[in-house]
Each structure stands twice: as C-alpha cells, then as structure tokens.
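Comments concern the structure below.
Every number for a ligand or one of its atoms is a count from 1 in the order of the listing. Numbers here are sequence positions counted from 1.
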Amino acid sequence: MPTVAIIGPGAIGCAVGGPLVETGREQVLFCGNTAFDRIHVTYPTGPAFEGPAKSVTTPQDLAPVDWVLLCVKAHQVPGTAPWLRALVGPATRVAVLQNGVEHREVVTPIIGDGSRILPVVVQIPAERTAPGVVKLTGDPHLVVSREPLGTAFQYLFNKSRLPVKTTPDFLKAMWEKMCLNSANGSITALTERDQSVLRQADAAELARQIILEAMSIARAEGATLDDSLPTRIIANLANAPGGGNSMYFDRRAGRDLEYEARNGVLVRLGKKHGIPTPVNATLYALLKNLKPRPSA
Ligand SMILES: NC(=O)C1=CN([C@@H]2O[C@H](COP(=O)(O)OP(=O)(O)OC[C@H]3O[C@@H](n4cnc5c(N)ncnc54)[C@H](OP(=O)(O)O)[C@@H]3O)[C@@H](O)[C@H]2O)C=CC1
Ligand SMILES: CC(C)(CO)C(=O)C(=O)O
C-alpha cells in the first residue's frame, strides 16, 4: 500500500487527505502542529465523510514515504524543512499544493532535487474549522501537468471523490489561478469583506487592474492567457458560494497572510522583466504593514 504524508493538515491538507482516507487505498499520515484522530470533510453537495485519521506532531522517528503532499501556506514552507528531511528519501515524490507560482523554487533548496517536485493548482474552496475538520464551499478539483509525475499523482486519487485533471499547458493553469489569487486575497483581506465586495463597480475595477498587471507578468514568463480572463475571474469571484477565500479567512483569524506569494512575487518578477506593477506594489506594501491582530 503506498504511503502518503500530508504536511500541513489545514483546509487543503484535510480536503485532499479526506478522500484518500475514504478510499483506503493508501496509508495516510497527517503531519502538523496539532494532533487529531478523526477527519471530517463536508461538501456543498453529497454526503460528508468522517473517518479515523493518523496524525503526528513531530518528525522524530519518521521514515521516507512514497508521496509527500505539502499543503502549508507558501510562507510556512521553510518551517517544514524538518518534516521534509525526515519524509523525503531518494524515491519520494513531493506534490506542492499551493497558490502562487513558486512551488518548485521554494521547495528545491530544502530537498535538493527539483525533478521529483510536482506543482499542483488547487481549486478547492475550503475552510478548516477545527483540527481535522474542513468545510468545502464549492466543488473541488486539482490540476497538474500532463507528464509522468502528474499522471502518477492523478492515479493516487483514482476512485476517490477528488478529481485530478491533467493539462498539457500547466503554465497557463498556474498563472490563471495566480491572476485570480492576486486580486481576491488582497481586496478581501484589506476591506475585510468577502468576495461579494467585487459586485461594487470600484472594487471590480481595482480587481481588473490587479489582474491586468498579473497578466503582463504571466505573459513575460511565457504563459498564454486570454484577454477575457479579468472579466471571467471577477464574475466568478463575485458570485462564488460562501464568498470566502484563504487569505480572507486568515485575516479574520489574525493569522499571517500569504501576500508574498500572491502580490510580492508580481512586484519581484515585474522588476526582473522591466514591467511596472504599481497596483500590486501598493497592495503588497499595505498587506505587509497591516496592523497585527490577536489570533482568534
Ligand atoms: N483554503 C482554500 O480555500 C484554498 C487554499 N489554497 C492554497 O493552499 C495552500 C494551503 O492553504 P490552507 O490549507 O488554506 O492553509 P491552512 O492555514 O488552512 O493550513 C495550513 C496548515 O499547515 C500547518 N502548518 C503550518 N506550519 C507548519 C509546519 N511547519 N509544519 C507542519 N504543519 C504546518 C498549519 O497548522 P497551524 O494552523 O496549527 O499552524 C495548518 O494546519 C495555500 O497556499 C493556499 O493559498 C488554494 C486553494 C483554496
Ligand atoms: C478559494 C480559492 C480556490 C479561490 O479563491 C482559493 O484559491 C483560495 O481561497 O485561496
């Protein structure tokens, strides 16, 4: 039976771990800061899943596994080095389930071999409400590159209720998601209003400007994007069920925000390509300097 370790059993860690536990085809270990012994996933449609879960809070005594699914926020990756050192052996494959475009760049320095790293685009609107408990507010799926590593990852979820799609143009899929995440996280965290704020014309126009900058960077990085993208993203976000997103939940709970991976990266890449990014630079400065609030 393949062994799978999920580092970071938060919203996404539990949303992907639940279906694996449910099918029972892999041995799943949740690796995080808080222990739990049951996993509970609720879906917008269809029955919930609840089952036993094995979790650990220290990498001590762990051996390499077949698959590591890294599901922490981008800024939490360096803190997972002790887990990765214990769990990654010469044959381990590492899927990075994260927003942003730097999946491979942040993990390679820790494990030292980029060829076994699989970036994953995560299309799972979800919120963790307690250790091991996650609520999905929309239908989930994951997207990976159509290559042997991606196909092996897809097979891991075979017969589970989490669809994994493969694409021949992963760069496009990753940057389309990045365009969305540059806008929805920043605007909702700063306004402290859910995505329905994008029904306001001025907020929608701000989102459009953020996305247009992100698209310029994406194209400079080689992604092929359609001009209709901003309109599609804004309409989808404004009408998304629940209206939340991970950065909005983090701001409300007083947790650190993933602004570096969503807006800071655009400013950095803008400098690299000589493309001005005044809107994202402004958001980045505001998000970085938000007054900390006590964790909920
Ligand atoms: N939530 C969503 O709807 C979506 C999220 N994403 C992306 O997926 C990624 C994960 O987000 P999400 O699941 O929401 O984040 P969460 O904050 O819900 O989960 C992160 C988990 O990682 C744990 N963690 C933090 N540091 C460590 C560490 N050093 N070792 C082990 N565990 C650690 C946290 O524990 P603790 O809380 O105890 O610190 C928490 O359980 C992000 O890049 C996000 O942008 C993408 C699509 C949708
Ligand atoms: C919910 C979703 C999929 C889109 O906003 C997301 O990426 C996030 O919450 O970070």
With rounding to the nearest 0.5 Å, note down the distance linking [atom1] in [X] to [atom2] in [Y].
{"X": "N99", "Y": "M247", "atom1": "CG", "atom2": "CE", "result": "9.0 Å"}
{"X": "L70", "Y": "Q76", "atom1": "CG", "atom2": "CD", "result": "9.5 Å"}
{"X": "Q195", "Y": "Y248", "atom1": "CD", "atom2": "OH", "result": "9.5 Å"}

Please work out whether any backbone atom (N, CA, C, O) or any side-chain heavy atom from C-beta onward of Q98 is under 4.0 Å from ligand 2, and answer side chain, backbone, both or neither. neither

Heavy-atom pairs closer than 4.0 Å: do any link ligand 2 to the side chain of Q195, the backbone, both, or neither? side chain

L69: which of I12, L20, I7, V96 passes side chain to side chain contact (heavy atoms under 4.5 Å, CB included): L20

So if I count the atoms of ligand 1 from 1 in the order they appear, which ones are less than 4.0 Å from some heavy atom of [X]?
{"X": "G32", "value": "31 (C), 32 (N)"}
{"X": "C31", "value": "31 (C), 32 (N)"}
{"X": "Q76", "value": "20 (C), 22 (O), 25 (C), 26 (N)"}
{"X": "P125", "value": "3 (O)"}
{"X": "E258", "value": "42 (C), 43 (O), 44 (C), 45 (O)"}
{"X": "R262", "value": "45 (O)"}
{"X": "L97", "value": "8 (O), 9 (C)"}
{"X": "S246", "value": "1 (N), 2 (C), 5 (C), 14 (O), 44 (C), 45 (O)"}

State whether the shortest distance between N or O atoms of W83 and N or O atoms of ligand 1 falls below 3.5 angstrom. yes

Any F157 side-chain heavy atom under 4.5 Å of T23 side chain: no

Please state whether K177 comes within less than 4.0 angstrom of ligand 1, counting heavy atoms only. yes

Charged N to carboxylate O below 4.0 Å: is that the case for [X] and [Y]?
{"X": "R199", "Y": "D194", "result": "no"}
{"X": "K73", "Y": "D256", "result": "no"}
{"X": "E127", "Y": "R252", "result": "no"}

Report yes or no: does a heavy atom of E127 sit under 4.0 Å from some atom of ligand 2? no

Establish, yes or no, whether the cationic atom of R25 lies under 6.0 Å from the six-membered ring centre of Y155 and within 45° of the ring axis. yes

For [atom], which protein heavy atom lies nearest, and how many Å away is it?
{"atom": "atom 8 (O) of ligand 1", "answer": "I12 CG1, 3.5 Å"}
{"atom": "atom 22 (O) of ligand 1", "answer": "G8 CA, 3.2 Å"}
{"atom": "atom 28 (C) of ligand 1", "answer": "T80 CG2, 3.8 Å"}

Within 6.0 Å of NZ in K135, more than 12 heavy atoms from elsewhere: no

Could you check whether atom CD of Q60 has more than 12 heavy atoms from other residues, nucleotides or ligands sitting under 6.0 Å from it? no

Which option out of A11, A126, C71, G185 puts a heavy atom nearest to atom 2 (C) of ligand 1? A126

Regarding atom 16 (P) of ligand 1: of the candidates Q98, R128, K73, which has the closest heavy atom? K73

Close N or O approach (N181, ligand 2; < 3.5 Å): yes

K177: numbered ligand 2 atoms lying under 4.0 Å from its heavy atoms: 3 (C), 6 (C), 7 (O)

Find all atoms of ligand 2 within a distance of less than 4.0 Å from any non-hydrogen atom belonging to N99, and give their numbers and elements. 6 (C), 7 (O), 8 (C), 10 (O)

